[in-house]
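Letters A, B, ... are given to chains in the order of the sequence lines, protein chains preceding strands, and every chain is numbered from 1. Everything quoted here is computed from the prediction, not taken from an experiment.
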Number of protein chains: 2
Amino acid sequence: MYEKYVKILKDHTLKVTSPRLEILKYLDEHHIHPNVEEIYSALKKKHPSLSRTTVYNSLETLKKNKIIRSLTISGSELRYDIEEGMHHHFICTQCGAIIDIAISCPNMDRTIQGGHRVEEVQGYFKGICKKCQTKEKGRNNNG
Amino acid sequence: MYEKYVKILKDHTLKVTSPRLEILKYLDEHHIHPNVEEIYSALKKKHPSLSRTTVYNSLETLKKNKIIRSLTISGSELRYDIEEGMHHHFICTQCGAIIDIAISCPNMDRTIQGGHRVEEVQGYFKGICKKCQTKEKGRNNNG
DNA sequence: TACTAAATTGTAATCATTACAAATTAGAAA
DNA sequence: TTTCTAATTTGTAATGATTACAATTTAGTA
């Protein structure tokens with residue numbers, strides 16, 4: 001059940017610890033781009049001894065090893081995502097949801113931009129998500 | 001001297017106030033993507049009565065009116081930029097500088113992405129800037 | 001010139017994140 | 001298997017950006 005995550009950690013020569021496994025599993029099974037608090041409260045249920053600081057520390061370690069990445073899209077808190085295949089993100093300014101956007105962009109794979117060495121690319125789109133647009137229509141129709 | 005900024009505010013039916021004019025002028029003359037503190041301390045010198053809260057409020061107003069935009073690229077604080085022509089941003093993880101990147105991307109002008117209504121697009125590139133790369137080389141050569 | 005809604009100001013929260021030191025533990029070595 | 005140690009986890013106490021809020025001031029209109 002955790003073999004997959006054990007392997008990931010070992011492949012990066014990281015110590016295999018319970019918090020790291022649980023965080024990895026959580027991010028792998030919940031592609032909702034959670035913030036630290038969401039991860040913490042979800043895992044705290046099963047592991048009451050878990051510390052918030054550990055979540056911060058573990059996320060930082062996983063990020064440094066490029067196993068996960070953090071998104072600054074919200075502007076007020078970091079959101080986390082498993083690293084799998086390049087994609088961009090959309091945030092709904094109404095409901096706050098962060099949604100994967102599968103697009104390819106000629107600039108994504110450029111390792112040099114304007115003479116600067118690029119190590120990470122993030123495309124952020126902001127607006128109203130499909131779901132919230134439907135709600136809008138519903139409100140209009142119903143008065 | 002301030003006519004340009006007066007006009008911008010009036011065109012948006014915003015009240016013309018000293019803080020707004022000064023902030024606009026500052027952003028127009030300093031394309032360094034400053035944070036609130038930088039703007040505040042720079043303007044505080046000339047206008048000792050200026051309040052930090054006013055800087056926050058004014059920036060928010062200017063942002064809502066799409067006169068300026070905020071960047072979440074740093075992850076720890078908002079950075080501000082005058083709205084003029086679509087461009088993306090590069091942040092140097094070494095020196096912290098945020099640099100304009102003039103690129104065109106087919107996704108930039110898309111108003112729909114995956115069914116979501118897009119109102120804002122931001123492309124963030126992270127890595128080592130040209131200047132810091134030169135410094136690296138210098139260090140290597142000298143020792 | 002007087003009026004009023006909006007803007008400015010200062011102080012006091014709030015909230016995400018970091019600093020730090022003590023306790024625990026994973027994994028290597030014996 | 002046991003021992004050892006550096007790395008990790010934990011909890012509490014800062015820090016720092018941002019927001020809330022109430023009092024004061026002011027831009028623009030009547």
**Q** Give one of base, sugar-phosphate or nothing for A:Ser76, where a contact means two heavy atoms less than 4.0 Å apart.
**A** sugar-phosphate
**Q** Taking for each residue the nucleotide of DNA chain C bearing the nearest heavy atom, is the 5' side occupied by B:Thr54 or by B:Gly75?
**A**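 By nearest-heavy-atom nucleotide position, the 5'-most residue is B:Thr54.
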**Q** A:Asn65 has an atom CG; how far is it from atom P of D:dA7, in whole Å?
**A**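 In whole Å, D:dA7 P lies 14 Å from A:Asn65 CG.
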**Q** Let's see if you can work this out: which of C:dG27, C:dT8, D:dT10 has an atom nearest to the side-chain heavy atoms of A:Val16?
**A**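 Out of C:dG27, C:dT8, D:dT10, the nucleotide with an atom closest to A:Val16's side chain is C:dG27.
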**Q** Any sub-3.5 Å donor-acceptor pair from A:Asn35's side-chain atoms to A:Glu37's backbone N or O?
**A** yes
**Q** Whole angstroms only, please: what is the NE2-P distance between A:His12 and C:dA26?
**A**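 Rounded to whole Å, this separation is 20 Å.
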**Q** Distance only, no hydrogens: is a donor on one side chain within 3.5 Å (strictly under) of an acceptor on the other, for A:Tyr124 and B:Glu120?
**A**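 Judged by distance alone, the side chains do not pair up.
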**Q** So, A:Thr93 side chain and A:Gly127 main chain: donor-acceptor pair closer than 3.5 Å or not?
**A**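 Here the side-chain-to-backbone pair exists.
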**Q** How close or far is atom P of D:dG28 from atom CG of B:Leu9, stated in whole angstroms?
**A** 9 Å
**Q** Show, in sequence, the C-alpha distance, side-chain angles and deciding distance for A:Glu22 and A:Leu50, and conclude whether the side chain to side chain contact (heavy atoms under 4.5 Å, CB included) test is met.
**A** CA-CA 10 Å; A:Glu22 294 293 348; A:Leu50 181 67; over 6 Å; no
**Q** Under 4.0 angstrom, heavy atoms only, what part of the nucleic acid is A:Ser18 near: base, sugar-phosphate, or nothing?
**A** nothing
**Q** Determine whether B:Ile23 and B:Thr54 satisfy the following criterion, side chain to side chain contact (heavy atoms under 4.5 Å, CB included), listing intermediate values before the conclusion.
**A** CA-CA 10 Å; B:Ile23 289 172; B:Thr54 299; 5.8 Å; no
**Q** To the side chain of B:Arg20, which of D:dT9, C:dT8, C:dA16 is closest?
**A** C:dT8
**Q** From CG of A:Leu14 over to C1' of D:dA6, roughly how many Å is that when rounded to an integer?
**A**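 About 15 Å, once rounded to whole Å.
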**Q** In whole Å, I'd like the distance from the CZ atom of A:Arg52 to the P atom of D:dT12.
**A** 11 Å
**Q** Given that B:Val36 and A:Pro19 both sit by DNA chain D, which one's nearest nucleotide is further toward the 5' end?
**A** A:Pro19
**Q** Name the nucleic acid region contacted by A:Asn35, choosing base, sugar-phosphate or nothing; use a 4.0 angstrom heavy-atom cut-off, strictly under.
**A**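 Since no nucleic acid heavy atom lies under 4.0 Å of A:Asn35, the category is nothing.
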**Q** Report the nucleotide, chosen from D:dA17, C:dT11, D:dT8, that has the shortest atom-to-atom distance to any side-chain atom of B:Thr53.
**A** C:dT11
**Q** Looking at B:Ser49, I'd like to know whether one of its side-chain N or O atoms comes within less than 4.0 Å of OP1 or OP2 on C:dT9.
**A** yes
**Q** Calculate the interatomic distance between A:Tyr56 atom OH and C:dT17 atom C1'; express it in whole Å.
**A** 5 Å
**Q** Do any side-chain nitrogens or oxygens of A:Thr17 fall under 4.0 Å of OP1 or OP2 in D:dT9?
**A** yes
**Q** B:Lys15 NZ to C:dC3 C1': how many Å, rounded?
**A** 11 Å
**Q** I need the NZ-C1' distance between A:Lys64 and D:dT8, as an integer number of Å.
**A** 13 Å
